[in-house]
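I have placed the structure first, in the form of structure tokens, so that the comments after it can refer back to it.
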Amino acid sequence: MPEEAQPPPTYYERRLQQEIETIELKLKELTAERDALKRQLIKARWDNHHLRDVNRKNSASRVMIEQRVLGALEQATKPMTSRQLFEIARLANFELKENTFRTQLHRMKEKGLIENVSRGRWRGLKTTI
């Protein structure tokens, strides 16, 4: 039994199919946006977990900057420059000044969290707790 040939879609059917495709695209975009917001929420909760014992605003900023720097250095395959780390730190505090940040880097070095491998290049120290 030969299959019957399908008649070409009508204007109305094509229009409905376009509407369905438009809705599917919007759903895909909204799903991606929702997933991005969920990741941000998880990150915010993680940041807040590290800040629970911090009372002063500048201390909270310092802790958030330290966490960002340590996270970046942990993921890096080679030492990072002070400039690269500064750009990452500014995500935690957009008002951060370079001189303040350099001071924070040196304090992190004194705490044994990071080390200076050459002029302006840093890497994280593996710590086990």
Of all heavy-atom pairs between [X] and [Y], which one has the smallest distance, and what is that distance?
X	Y	value
A89	L96	CB-CD2, 3.7 Å
A72	L85	CB-CD2, 4.4 Å
L105	I114	O-CD1, 3.4 Å
T10	E13	N-OE1, 2.8 Å

Looking at side-chain heavy atoms only, is the closest gap between I88 and M80 below 4.5 Å?
yes

In terms of ring plane angle, is the pair F86 and F101 parallel, tilted or perpendicular, where the classes change at 30° and 60°?
tilted

Got a list of side-chain donor-acceptor pairs under 3.5 Å for residues 17-36, not counting sequence neighbours?
unit_1, atom_1, unit_2, atom_2, d
E19, OE2, R15, NH2, 3.4
T22, OG1, Q18, O, 2.9
T31, OG1, L27, O, 2.7

Can you tell me how far [atom2] of [Y] sits from [atom1] of [X], rounded to the nearest 0.5 angstrom?
X	Y	atom1	atom2	result
K78	R121	NZ	CZ	7.0 Å
N116	H106	CG	NE2	6.5 Å
T100	R62	OG1	CZ	13.0 Å
R90	R68	CZ	CZ	13.0 Å
E74	Q67	CD	CD	10.0 Å

